[in-house]
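First the structure, in the form of structure tokens, and then the observations on it.
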Amino acid sequence: MDVTVVHLMDDIMERQLDHNASAMLQAELERQSIKFAMGKQTTELLGNERVTGLRFSDGTVLEADFVVMAVGIKPNVTVAKASGIEVNRGIVVNDYMQTSMENVYAVGECDEHRGVCYGLVAPLFEQGMVLAKHLCGVETKPYEGSVVSTKLKISGVDVFSAGEFIEGPEHTVIAAKDDWKRTYKKILLKNNVIVGAVLFGDVTESANLQKLIKQETEMTDEIYGSIMGTGCCGGGAKKGASVEAMADEEIVCGCNGVTKKTIVDAITVDGLTTVDEIKACTGATRSCGGCKPVVEQILQYVLGDGFKTAAKQGICGCTTLSRDEVVAEIREKGLQTVREVMNVLGWSNPEGCSKCRPAINYYLGMIYPETHEDEKASRFVNERMNANIQKDGTYTVVPRMYGGVTTPEDLKKIADVSLKYDVKVVKVTGGQRLDLIGVKKEDLPKVWEELDMPSGYAYAKSLRTVKTCVGSQFCRFGTQDSMGMGAQLEKKFERLDMPAKFKMAVNGCPRNCAESCTKDIGIVGNDGGWEIFIGGNGGIKARIADSFCKVKNDEELLEICAAVIQYYRETGQYLERTSEWVERIGLEQIKKVILENETERKALVERIELALRQVEDPWKRVLRDDKERKALYQDARPAGVE
């Protein structure tokens, strides 16, 4: 979407950030194509049945067809007020969270303590701890208010502030700004006491600063060195120093109320050694993820020398070897089967698991396309069955429709087969295909045979669909034959195993009707040829594709697409979508290999052509192979797989 943020003030997040941090955040978001209308007061929404724009107090108008208003929260005091409990803006409570009515307490955003209503989660946990101890008769210090802090990840950018962060004449300011690394740190002192801080980009010291502000700590050379990155003698800060000083009851994960002690116990008592294990056990880092650096520091502090070994995470829990190490060992030692890889490379679980077995099977097929024998037992159930299993045990069959184009004859076959085999639903997919949902397992081969169409591979880690618009064949805006190119691409790259599912789209003009911007490879036609985009994703982790290059003819387009796909096949981690791959490898590195190195590009194309010569339609293979058909009927769905 073309997004404009409208804000009354001149700085964004002015209640959480100072001017410098706000300006850096705005600049970063502008690099992500977000626009800003600052210092604008909206006076009117324009339009009748549907909004058409905003009018501001200065008379200017911003065109818009969708408006989102962020208006904040207000304490709900209706019940308390009707009950005779004292209310102001919120439900008034004392230092032990008691209302004006005996035995009635309030915590969180609905209450007002010492004239302050907190709209954040961290004060709720602090209030809750005081109240819990008070109700249990345990001696506790009264709640005296919270040091308000904000720690957020905004469109990939980490920001933090706590306490007083707008400087005044009474403050001493310590600041460091790095425009190259796009980081900023500022600490405010009052009579040498740390009273506030702002961090941008690097928030690893946020927990430490929050504690120092809350405890009204005086600044020292040692603290200065720890936070600002240099010791009093110019040396580096001691690793783990900030988490070492944290109190056991201090909350690390504000979203889920996880304390330092809970995390330490998970490491020392339960033997956990990775952030993912701690997330699964305690919930820390599960929500916004902002506390991940602190969790990593706690791991490093508790494990000491063992942290480096423990922190090295393999492709699964059965090994410490990374994807690159596994692939290198397969090549170097000439390993040929999944079991051989696990035995030779010392898997802790000799049988492997549902995470590593499919990955190894893919890597072997990618390395040895001519000789590797696919191991069905190491495939996910959908790939073994060549259809998508549904929650009721039936399957979805999706025949191939190249470029989303079909014929009346094929549509009639689909309708006839659907009626004959009592298909529950025929659904048009977002990829311009037809899902036949509800096919019984025993009917799968008969459905494939009577359809007599290629498998649409809707179940596989491979090319799913190439979505197209009608293009220059029919559209008055079309400049290129998108349907023809879509069918050509789909026929060329279908059935080829990839690290994850792969989607493409071809538009005949820049109007983007086929939604190329959210595809693994998106192609847009124009008067001068084609523009190629890579790394898009419309799923859970949505990502707009990056512009990769422009080409003048169809031959160049096919060559570039082939090279990109093969480079992804050879360097992608199993189950890693191109959206994650592009960010991990780096767009410039991919361009360097494919666009700037013709020799390497040609070599990638040769290797993908070799792999493509080995593929065949799985439905037809099952139909002609009695052994494979028998295995299909006997297949049971094992635990722990899709």
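No donor-acceptor distance shorter than 3.5 angstrom exists from the side chain of Thr183 to the backbone of Asp202, with no hydrogens or angles considered. Looking only at distances, a side-chain donor or acceptor of Thr99 sits under 3.5 Å from a matching main-chain atom of Val104. In this structure a side-chain-to-backbone donor-acceptor pair under 3.5 Å is present from Thr43 to Arg55. No donor-acceptor pair closer than 3.5 Å links the side chain of Glu112 to the backbone N or O of Val92. A distance-only check finds a donor-acceptor pair linking the side chain of Asp178 to the backbone of Trp180 [under 3.5 Å]. For the pair Thr319 (side chain) and Leu321 (backbone), a donor-acceptor distance under 3.5 Å is present. Of the possible donor and acceptor atoms, none in the side chain of Glu329 sits under 3.5 Å from a partner among the backbone N and O of Glu325. Without hydrogens or angle criteria, Gln215 side chain to Leu212 main chain gives no donor-acceptor distance under 3.5 Å. No donor-acceptor pair under 3.5 Å is formed between the side chain of Tyr363 and the backbone N or O of Glu570.
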Ile585 vs Tyr567, test: side chain to side chain contact (heavy atoms under 4.5 Å, CB included). Steps then yes/no.
CA-CA 11 Å; Ile585 298 292; Tyr567 191 47; 4.2 Å; yes

Should His134 and Gln98 be marked as a side chain to side chain donor-acceptor pair (under 3.5 Å) after you check the CA-CA gap, both sets of side-chain angles, and the distance that decides it?
CA-CA 10 Å; His134 175 69; Gln98 186 171 21; 5.2 Å; no

How far apart are the C-alpha atoms of Asp2 and Lys35, what are their side-chain angles, what is the distance that settles it, and do they pass the salt bridge (Lys or Arg N to Asp or Glu O under 4.0 Å) test?
CA-CA 8 Å; Asp2 180 8; Lys35 301 170 185 175; 3.2 Å; yes

Run the salt bridge (Lys or Arg N to Asp or Glu O under 4.0 Å) test on Arg114 and Asp95 for me, step by step, so that the C-alpha distance in whole Å, both residues' side-chain angles and the decisive distance to 0.1 Å come before the verdict.
CA-CA 8 Å; Arg114 298 189 182 183; Asp95 290 353; 2.8 Å; yes

Before you tell me yes or no, could you show the steps for Thr78 and Asn76 under side chain to side chain donor-acceptor pair (under 3.5 Å), namely the whole-Å CA-CA distance, both residues' side-chain angles and the distance that decides it to 0.1 Å?
CA-CA 6 Å; Thr78 305; Asn76 187 339; 3.2 Å; yes

After noting the C-alpha distance and the side-chain angles of Glu249 and Thr259, does the key distance pass the side chain to side chain donor-acceptor pair (under 3.5 Å) rule?
CA-CA 6 Å; Glu249 66 273 11; Thr259 64; over 6 Å; no

Under the criterion salt bridge (Lys or Arg N to Asp or Glu O under 4.0 Å), I'd like the reasoning laid out for Glu580 against Arg577: C-alpha separation, chi angles, the key distance, then a yes or no.
CA-CA 6 Å; Glu580 300 165 308; Arg577 294 295 302 273; over 6 Å; no

Test salt bridge (Lys or Arg N to Asp or Glu O under 4.0 Å) applied to Glu28 and Arg182, step by step:
CA-CA 9 Å; Glu28 182 60 39; Arg182 299 176 187 170; 3.1 Å; yes

Side chain to side chain donor-acceptor pair (under 3.5 Å) between Thr274 and Lys279: does it pass, once the steps are laid out?
CA-CA 9 Å; Thr274 68; Lys279 175 170 69 176; over 6 Å; no

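Across every non-hydrogen atom of Thr282 and Val258, the tightest pair is O-CG2, 3.4 Å. Considering all non-hydrogen atoms of both residues, Leu299 and Val275 come closest at CD1-N, 3.7 Å. Among all heavy-atom pairs drawn from Lys519 and Lys503, the shortest one is CB-O, 3.7 Å. Summarising the geometry of Leu199 relative to Glu205, their closest heavy-atom pair is CD1-C, 4.1 Å, with the distance given to 0.1 Å. Shown here for Ile263 and Ala284, the closest heavy-atom pair between the two residues is CD1-CB, 4.2 Å. Across Ser348 and Gly317, no two heavy atoms sit closer than the pair OG-O, 3.7 Å.
Gln589 CD: more than 12 foreign heavy atoms inside a 6.0 Å radius. Other residues, nucleotides and ligands place no more than 12 heavy atoms under 6.0 Å from the NZ atom of Lys214. Around CD of Glu170, the count of heavy atoms belonging to other residues, nucleotides or ligands within 6.0 Å exceeds 12. At most 12 heavy atoms of other shown residues, nucleotides or ligands fall within 6.0 angstrom of atom CZ in Arg15. The 12-atom threshold is exceeded at CG of Asn192, counting heavy atoms of other residues, nucleotides or ligands nearer than 6.0 Å. More than 12 heavy atoms of other residues, nucleotides or ligands sit less than 6.0 Å from atom NZ of Lys260.
Between the OG atom in Ser579 and the CG atom in Asp520 there is a gap of 7.0 Å [rounded to 0.5 Å]. Separation of atoms CD (Glu63) and CG (Leu54) is listed at 11.0 Å; rounding is to 0.5 Å. Remark: Ile315 CD1 to Asp324 CG distance equals 11.0 Å, nearest 0.5 Å. To the nearest 0.5 Å, the span separating CG on Asp265 from CD1 on Ile278 amounts to 11.0 Å. The structure places NZ of Lys592 at 10.5 Å from CD of Glu588, a figure rounded to the nearest 0.5 Å. With rounding to the nearest 0.5 Å, the separation of CG in Asn537 from CZ in Arg543 is 9.0 Å.
Using a cut-off of 4.0 Å between Lys/Arg side-chain N and Asp/Glu carboxylate O, Arg323 and Glu576 are scored as not salt-bridged. One finds no salt bridge joining Glu250 and Lys261 here, because no Lys/Arg side-chain nitrogen approaches an Asp/Glu carboxylate oxygen to under 4.0 Å.
Under the 3.5 Å distance criterion, with hydrogens and angles disregarded, a donor-acceptor pair is assigned to the side chains of Lys40 and Thr60. Remark: the Gln26 side chain and the Glu30 side chain contain an N/O donor-acceptor pair separated by less than 3.5 Å. Side chain to side chain, His7 and Glu14 meet the donor-acceptor criterion of an N or O pair below 3.5 Å.
Between His113 and the options Tyr143, Tyr105, Tyr96, a ring pair (Phe, Tyr, Trp, His ring centres under 6.0 Å) holds for only Tyr143. Results of the side-chain contact (heavy atoms from CB on, under 4.5 Å) test with Ile174 over Lys185, Met228, Lys186 single out Met228 as the only residue that passes.
A heavy-atom distance below 4.5 Å is found between the side chains of Phe36 and Leu29. You'll find the side chain of Asp18 reaches within 4.5 Å of the side chain of Ile166, heavy atoms only. Residues Val264 and Asp248 are not in side-chain contact: their nearest non-hydrogen atoms beyond the backbone lie 4.5 Å or more apart. You'll find the side chain of Ile534 stays beyond 4.5 Å of the side chain of Thr578, heavy atoms only. Residues Val130 and Lys141 have side chains not in contact (no heavy-atom distance under 4.5 Å, counting atoms from C-beta outward). Annotation: side chain of Leu17 is not in contact with side chain of Asp11 (no heavy-atom distance under 4.5 Å). A 4.5 Å side-chain heavy-atom check between Val61 and Phe56 finds every atom pair outside the cut-off. With a 4.5 Å cut-off on side-chain heavy atoms, Val198 and Gln16 do not count as touching.
Using bins of under 30°, 30° to 60° and over 60° for the plane-to-plane angle, the ring pair Phe502/Tyr568 lands in the tilted bin.
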